[in-house]
Number of protein chains: 2
Amino acid sequence: MSEKVSIKEIAAKANVSIATVSYVLNGTRNVRPKTKERVLRVIEELNYQPNDIAKSLKSKKTNTIGVIAEDVTVFNVPEIIDGINDYADGHDLHIVLTNLRLHKRVGHNYADVEAYRKYAANAVSDLMAKQVEGIIYVGIHPRDVTGLIDTRGKPIVYTYCYTQNDLSIQYNDEQAAYDSVCYLHDKGHRRIAVITGLMDSIPSRLRFNGYYKAIMEHELPFEPQLIKVGDWGTESGLRATKELLELEEPPTAVLVMNDVMAAGTLRAAWEKGFRVPEDLSIVGFDNREFSDYLQPRLTTLDLPLHEMGYSSMKSLMRLVNGEPAEPVPMPLCVLLERESVASPNGAETS
Amino acid sequence: MSEKVSIKEIAAKANVSIATVSYVLNGTRNVRPKTKERVLRVIEELNYQPNDIAKSLKSKKTNTIGVIAEDVTVFNVPEIIDGINDYADGHDLHIVLTNLRLHKRVGHNYADVEAYRKYAANAVSDLMAKQVEGIIYVGIHPRDVTGLIDTRGKPIVYTYCYTQNDLSIQYNDEQAAYDSVCYLHDKGHRRIAVITGLMDSIPSRLRFNGYYKAIMEHELPFEPQLIKVGDWGTESGLRATKELLELEEPPTAVLVMNDVMAAGTLRAAWEKGFRVPEDLSIVGFDNREFSDYLQPRLTTLDLPLHEMGYSSMKSLMRLVNGEPAEPVPMPLCVLLERESVASPNGAETS
DNA sequence: CGCATAAATCTAATCGTTTATATTCCTGGG
DNA sequence: CCCAGGAATATAAACGATTAGATTTATGCG
């Protein structure tokens with residue numbers, strides 16, 4: 001009912017032209033105070049609500065950006081979206097969210113890019129039709145998605161995944177692994193093992209680089225038997241840890257490349273009769289919520305997800321506004337010290 | 001560059017009127033095959049992309065609904081959004097997501113409704129301006145939000161929270177608690193304790209109703225010392241459980257009203273030397289992801305979050321289409337049997 | 001008081017579609 | 001071969017705003 005009030009009705013009732021109404025609405029031009037007040041009153045009376053659709057049509061600006069998430073239910077995505085929203089809120093921007101629902105549609109077979117290229121393509125053309133100003137693509141697992149998406153020249157920024165030709169925001173995996181090995185070294189550890197994720201994944205390799213670099217720099221033993229390859233699952237963490245603890249000379253600390261596997265590590269230690277952190281120190285990765293409920297509470301690396309989202313939006317808006325892309329420093333992980341790390345056998349902190 | 005092709009350019013190049021182009025695009029009227037083909041070819045050549053903004057302006061339909069989430073980073077929200085998206089995908093609908101970011105803005109003080117009424121109001125008027133067809137409001141904690149939002153007559157459906165005047169989709173808390181007590185009874189348990197959340201929360205009360213009802217129906221002991229009030233936090237679960245286990249006659253099973261507290265229960269049992277499930281059976285609530293990493297893996301109630309989202313959208317679209325609201329059966333939780341429940345002391349399953 | 005000039009307001013075109021209505025083009029039967 | 005009548009297509013008016021440019025109104029100064 002009150003749906004139908006447009007500036008035309010306002011204009012009629014206030015005895016001015018629609019242009020004048022527009023001027024008072026936007027302050028685009030001077031309007032005599034008397035007139036302005038009159039118009040404002042009518043706007044109030046008629047409970048006028050602006051219509052952004054019409055505005056967008058004329059102005060060719062929608063102040064809307066499209067977010068394509070491969071799967072919003074994956075643990076890191078909501079926090080990234082939160083960061084995107086944070087920026088959007090502060091800049092009068094709106095988000096059209098497209099959820100590809102990859103897990104539900106193609107299971108865990110991310111390698112089969114063709115299978116969901118069409119989902120992405122559909123999402124993109126829908127968003128284009130909606131005249132979004134740009135697109136943010138949120139991958140669920142870090143990997144190279146070059147060529148997955150054609151935006152026909154509209155700005156796009158990727159996050160949590162890699163791409164060759166476009167801007168992509170990803171946290172510094174290598175640095176994080178490096179930092180945590182240094183941290184363990186500082187605590188006095190010398191035999192530091194690592195349990196990786198699947199080695200065909202980019203972050204596994206980057207994190208391993210960080211581990212390797214730190215080991216070399218501190219001239220610590222780099223022994224193949226201290227390197228275990230997991231598959232990101234909790235069972236693999238359990239198995240790998242058991243192998244480590246059965247070594248003649250077991251490590252005193254282990255860097256585990258995600259918290260899920262670290263949960264398995266904890267269990268293995270318990271089963272083998274190793275106390276954590278007294279006999280074995282553990283650093284996890286991801287700061288999953290449950291890592292704080294584990295026993296002991298897990299020391300782990302917090303991912304800068306909010307910052308990634310925020311930063312993606314910021315970069316995207318530069319592109320949207322035609323400014324040149326500027327290099328974005330990689331967001332850093334931060335080590336959360338909780339209870340799963342101690343100095344080994346009464347060794348003193350160096 | 002190729003941005004600017006509209007049906008006008010198509011019309012010109014194909015030597016037809018814009019109306020004809022529109023007809024072939026929408027199949028609204030018959031078009032001679034020859035003409036149709038010609039138009040289609042030009043569309044292809046010029047790489048025409050439709051403009052939904054213009055379409056919406058004329059047709060007064062945006063096929064867009066607004067989702068207001070109090071906080072997308074809260075564990076249950078993404079799954080609800082996923083359900084919303086699932087419905088949207090199948091019905092050519094789009095989602096404008098507004099994230100109120102309540103945790104970040106007002107901390108955990110949800111009681112201070114006034115503090116975020118303005119956020120909600122802003123979100124609503126933005127969405128109205130964008131001409132969404134309806135709104136879904138996703139609360140973060142189940143509570144009554146009546147009067148929080150004025151949509152000026154546009155359809156709105158609430159989920160995960162309660163409201164007096166509008167439609168609200170919430171799962172069946174009472175039934176879930178009832179079912180799990182019956183399940184424990186079936187397993188042979190007779191002394192069944194409960195650890196509630198804060199008792200000023202609606203789900204705590206509903207779940208307690210379910211517990212009470214089942215206890216009464218099976219004529220089980222209803223003793224005050226078997227009822228512990230927690231605060232949803234893991235520490236409170238730990239404390240409450242210790243008290244239970246220190247009882248002269250401790251319970252053989254306990255229903256814990258969320259998995260976070262249940263993690264504390266597990267820890268308490270371990271500290272007190274009770275084996276789970278041999279000496280103490282535990283049923284949690286929420287099916288948080290980590291409940292599967294606990295030791296033993298936690299038997300818990302899975303929340304029908306996806307269904308709630310899907311169902312909210314379905315109900316909303318009925319309203320949008322002017323159909324009468326129809327009663328929606330409350331989505332049900334489902335008990336996931338894992339490892340934290342067994343029959344007590346060799347008692348046999350009844 | 002009259003007029004130049006500045007300030008306020010209005011007119012009308014436009015954005016990219018849809019869709020009544022008008023017009024033109026075919027088709028086939030007499 | 002003509003014409004009625006239906007099929008195909010074109011014209012033009014919306015939808016609700018913005019914004020040049022035209023027009024009107026107010027202001028100040030000689």
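Just so we're on the same page: letters track the sequence lines, and every chain starts at 1. Atom set for the values below is all heavy atoms of this structure, side chains included, hydrogens, waters and symmetry mates excluded.
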Notebook entry, point to check: How far does CG of A:Asp82 sit from CG of A:Asp89, to the nearest 0.5 angstrom?
Noted result: 9.5 Å
Counting any heavy atom closer than 4.0 Å, what does [X] reach on the DNA or RNA strands: base, sugar-phosphate only, or nothing?
| X | value |
| --- | --- |
| A:Val16 | sugar-phosphate |
| A:Ile18 | base |
| A:Asn26 | sugar-phosphate |
| B:Gln131 | nothing |

With the side chain of [X] defined as its heavy atoms from C-beta on, choose the nearest nucleotide among [options].
| X | options | answer |
| --- | --- | --- |
| B:Ala54 | C:dT17, C:dA12, D:dG21 | C:dT17 |
| A:Lys8 | C:dT19, D:dC15, C:dG16 | D:dC15 |
| B:Asn51 | C:dT17, D:dA10, C:dC15 | C:dT17 |
| B:Lys58 | D:dA17, C:dG16, C:dT11 | C:dG16 |

Atom-pair distance ([atom1] on [X]; [atom2] on [N]), nearest Å:
| X | N | atom1 | atom2 | result |
| --- | --- | --- | --- | --- |
| B:Leu57 | D:dA14 | CG | P | 14 Å |
| A:Lys130 | C:dG16 | NZ | C1' | 14 Å |
| A:Glu9 | D:dG16 | CD | C1' | 10 Å |
| B:Leu25 | C:dT19 | CG | P | 12 Å |
| A:Ile7 | D:dT18 | CD1 | P | 6 Å |
| A:Asp52 | D:dA17 | CG | P | 9 Å |
| A:Asn15 | D:dT24 | CG | C1' | 15 Å |
| B:Arg38 | D:dT9 | CZ | P | 8 Å |

Give a yes/no answer on whether the side chain of [X] brings an N or O atom under 4.0 Å of OP1 or OP2 in [N].
| X | N | answer |
| --- | --- | --- |
| B:Asn30 | D:dA8 | yes |
| B:Tyr23 | C:dA20 | no |
| B:Lys60 | D:dG16 | yes |
| A:Ser56 | D:dA17 | no |
| A:Ser59 | D:dA17 | no |

Item checked: Along DNA chain C (nearest heavy atom to each residue), the more 5'-positioned of A:Ser17 and B:Arg32 -> A:Ser17
Check: Hey, what's the ring geometry for B:Tyr87 with B:Tyr310, parallel, tilted or perpendicular (30° and 60° as the breaks)?
Finding: perpendicular
Check: Can you say whether the rings of A:His141 and A:His103 are parallel (under 30°), tilted (30 to 60°) or perpendicular (over 60°)?
Finding: perpendicular
Notebook entry, point to check: Going by modelled atom types, is there a donor-acceptor pair between the base of D:dT9 and the side chain of B:Arg29 at under 3.5 Å?
Noted result: yes
Next item on the list: For B:Ala19 and for A:Ser22, find the nucleotide of DNA chain D with the closest heavy atom, then tell me which residue's nucleotide is more 5'.
Entry: B:Ala19
Notebook entry, point to check: Relative to the 5' end of DNA chain D, which residue comes earlier, B:Thr35 or A:Gln49, by the nucleotide with the nearest heavy atom?
Noted result: B:Thr35
Item checked: Side chain proximity check, B:Pro142 to B:Gln170, heavy atoms < 4.5 angstrom -> yes
Checklist line | Side-chain (B:Glu133) to main-chain (B:Asn63) donor-acceptor, under 3.5 angstrom | finding: yes
Notebook entry, point to check: Checking side chain to side chain contact (heavy atoms under 4.5 Å, CB included) for the pair A:Asn26/A:Lys55: CA distance, chi angles, key distance, verdict?
Noted result: CA-CA 11 Å; A:Asn26 303 303; A:Lys55 188 184 294 213; 4.1 Å; yes
